[in-house]
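Taking it in order: structure first as structure tokens, then the write-up.
Everything numeric here is computed off the predicted structure, so don't read it as measured data. So you know, we letter chains A, B, ... as the sequences are listed, proteins then strands, and number each from 1.
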Amino acid sequence: MATSSFQQRVLVVVRNIPKGKTLTYTQVAHRAGRPRAYRAVGNILNKNYNPQIPCHRVVRSDGKIGGYNRGARRKGLLLKKEGAVV
DNA sequence: CATTTGACGCCAA
DNA sequence: TTTGGCGCCAAAT
């Protein structure tokens, strides 16, 4: 795979999150191969405004929403609609 | 190459 | 419990 960039890996990981499932930034970073890059993960998603990526399934380790390109409020709503456990 | 920016995480007070 | 501060990392400037 030409997925060389860390950000590319993160996007793939997030895109592979099944419906009704929520991962924390730490978990995503861990899957992406950089268990301590949770900082970069948030930054990448923020810059990468992509509707294909269910970035709303990525939450903080506290189980809180965090942020979202179109408002964290919308993110929490989506999670609830999908049936994500909080 | 150096500095700044963040959708974060954890600890101390 | 809440706030403030430090540490961490990749990408952008």
Without decimals, in angstroms, what is the distance between A:R9 CZ and C:dA10 C1'? 11 Å

For the student: nearest non-hydrogen atoms of A:N48 and A:Q7, plus distance: OD1-NE2, 4.3 Å

Report which part of the nucleic acid A:Y25 touches: base, sugar-phosphate, or nothing (heavy-atom distance under 4.0 Å, all strands). base

A:G66 backbone acceptor or donor facing A:R60 side chain under 3.5 Å: no

Whole-Å distance, A:R34 CZ to C:dA11 C1', equals 14 Å

Return the value, rounded to whole Å, for the distance between atom CD of A:Q7 and atom P of C:dA11. 6 Å

Protein-nucleotide distance (A:D62, atom CG; C:dT1, atom C1'), rounded to Å: 13 Å

Length of the NE2-P vector between A:H30 and C:dC9, whole Å: 14 Å

Between A:T24 and B:dG9, is there a side-chain N or O to OP1/OP2 distance below 4.0 Å? no

Between P on B:dG9 and CD on A:Q27, what's the gap in Å once rounded to a whole number? 11 Å

With rounding to the nearest 0.5 angstrom, report the CG to NE2 distance, A:L45 to A:H56. 12.0 Å

Heavy-atom nearest pair, A:G67 first then A:A72, reads CA-CB, 4.3 Å

What base-paired stems does DNA chain B take part in, with at least 3 consecutive Watson-Crick or G-U wobble pairs and both distances under 3.5 Å? B:2-6 with C:9-13, B:8-13 with C:2-7

Salt-bridge test for A:K21 and A:E82: reply yes if a basic N is under 4.0 Å from a carboxylate O, no otherwise. no

Distance in angstrom units between A:N46 CG and B:dA7 P, rounded: 6 Å

Residue whose closest nucleotide on DNA chain C lies nearer the 5' end, A:Y38 versus A:F6: A:Y38

Is the shortest side-chain N/O distance from A:R36 to OP1 or OP2 of C:dG7 below 4.0 Å? no

Nearest of C:dA10, B:dG9, B:dA7 to any side-chain atom of A:T26? B:dG9

Round to the nearest Å and state the distance from A:I44 atom CD1 to B:dT5 atom C1'. 13 Å

Please confirm whether the shortest side-chain N or O distance from A:R60 to OP1 or OP2 of B:dG9 is below 4.0 Å. yes

Find out whether A:R9 and A:R34 are in side-chain contact, i.e. whether some heavy atom of one side chain is under 4.5 Å from a heavy atom of the other. yes

Does A:A37 reach a base, just sugar-phosphate, or nothing at all? Heavy atoms under 4.0 Å. sugar-phosphate

When clusters are formed by joining ILVMFWY residues with side-chain heavy atoms under 4.5 Å apart, either directly or through shared neighbours, do A:Y38 and A:V13 land in the same one? yes

